[in-house]
Amino acid sequence: MQRRKFLQSLSIAMSLGLAGLRDVMAFARPKTAFHHGVASGDPTARSVIIWTRVSTAFAVDVEVAWQVARDEAMLDVVANGVFETGASRDFTVKVDVTELEAGNWYYYRFTCNGQESQTGRTRTLPQVASGAAKFAVVSCSNYPAGFFNVYRDIALRDDLDLVLHLGDYIYEYGLGQYATENATALDRVPEPQGEILTISDYRARHAQYKADTDSRAMHARLPIVAIWDDHEFANDSWKDGAENHNDDEGSWVARRDAALQAYFEWMPVRGEPQGGKTRIFREFRWGKLASILMLDTRLFGRDMQPNVGNDVTPESVGQALQDANRRMLGAEQEAWLRDRLRKSNDTTWQLIGQQVMVATMGPPDLEPLIDRNAPSYFAAEQMDMVIASSKSHRPQILDVWDGYPVAKADFLQDLGALASNPVVLSGDLHTAMAANLVRFPGDEPVAVEMMTTSVTSPTLSGYFPSREPNGVRDGILQQNPDLRFLDIEDHGWLCVTLTAEECTGEWNLLNTVHSRDFESRLAKKLSVKAGQVGKGLT
Ligand SMILES: [Fe+2]
């Protein structure tokens, strides 16, 4: 391929003379740039994925040289190579760098046609446990809803090892749809402007997110382990469809596969963008300290949410909830999880990274708590219905594990029986929360859950304005005694620190995402001790 291009250039140049040769060679090396920064992810003890994307005016393939070094000045190079990319993969570059040393920090950069990328920093995982591990846990980064101050806050820290992104890394909506009311004022109008449906749409949306300065800062600084939630595809997706997908938008499988291809092109996850690959559940090992099990509660095996209007009626919803065949993970992923939990007994912690809330959250009677005169994302009739149904105290959000109570009981049973110290991480709900996970009310916890709030997506308080300050939050806490912490107001991120003795969650909340000037505060700190998960969070 390269040889043919060279001969073509040479034959044109011979007819132009030497000055022409210089022009042709300049032309044959189109100007390139790295507008989307660099990223790394899916580290193991010996390998890590490094990623970038080349911007070029011409649709011809380009060669991208890459280097990995022990030092930031890129003098002590330990691995290098060349990656050819082109239009078939949207000019993304993804290299699985192998044969690295365990537990080391590395630096990496790319070069294309004389242009150098910025230098990124990444690391491999330790083979044996040593000291503490510190992870930033994030979810729900919605570009038009605000600035990615959370990413900036994470990039500014110098004590983190890894970012765990639990999904909703992008959102599919167009201008005028969900969470875009401030987009124009913030100069964060979604690209393309409409809802994304095709491969070029999903690619353009990923490109917009990756070009964000705060996203670039975080990715250049730390490796990421990412799983998708629903909005990488469409709202409330499940294995055969999504709430925000209908037939006049084409087939679900075609849309899902377009989204998958763009995801595997644009994310530093292991795996190539081909063949409608839906398997993303996978394990990482932090020496003997932790087994990190990342799950997919969305695409791989989830049955349709039992919401009235899906395949259930008001009369049959109770029966649907008790249907043992309605699964969240699907049989294959459940078997994989059980196997991994059994084999994780040589690690102190089992960190279960997944998307949706596990703890039960029954609503309080909302009638005395809600300010009906305050603005809400709910229309008045919706609010009437929400308030009326809150009086039953039965869980109302059925897109989370509460909508799959039989599968949830099996999940908790497996955690209790097979894991030594399970800590479940979740996102998706735009709420900061911590809970003891019990199989039956009053039981000892079998695991604990730490939920990170959104990077920018609207938080629950925008739906449930309180009559008294924190009235709704306090009502939810009173109704659900296993919840140990709840914040429904703020954006932020969760810092998880693991040592041989304890696992600590620190909820860092921001005062704003509507200005680049922000403050971050430590709002809550809770720990669970190794060997004492039954005592819960303190
Ligand atoms: Fe979200």
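Remember, it's 1-based here, ligands and their atoms both numbered in the order they're listed. Any value given below was found using the heavy atoms of this structure, including those in side chains, with hydrogens, waters and symmetry copies removed.
Taking the Fe ion (ligand 1) as the apex, the angle formed with SG of Cys140 and NE2 of His430 is 90°, to the nearest 10 degrees.
Expressed to the nearest 0.5 Å, how far CG of Leu429 lies from OG of Ser457 amounts to 11.0 Å. The OG1 atom of Thr452 sits 11.5 Å away from atom CE of Met450, with the distance rounded to the nearest 0.5 Å. Phe464 CZ to Leu369 CG: the interatomic distance, rounded to the nearest 0.5 Å, is 11.0 Å.
In summary, no N, O or S atom of Asn142 is located under 2.8 Å from the Fe ion (ligand 1).
Looking at Tyr151 and Ser141, their side chains do bring a donor and an acceptor atom within 3.5 Å of each other.
In Asp168, the N, O or S atom that comes nearest to the Fe ion (ligand 1) is OD2.
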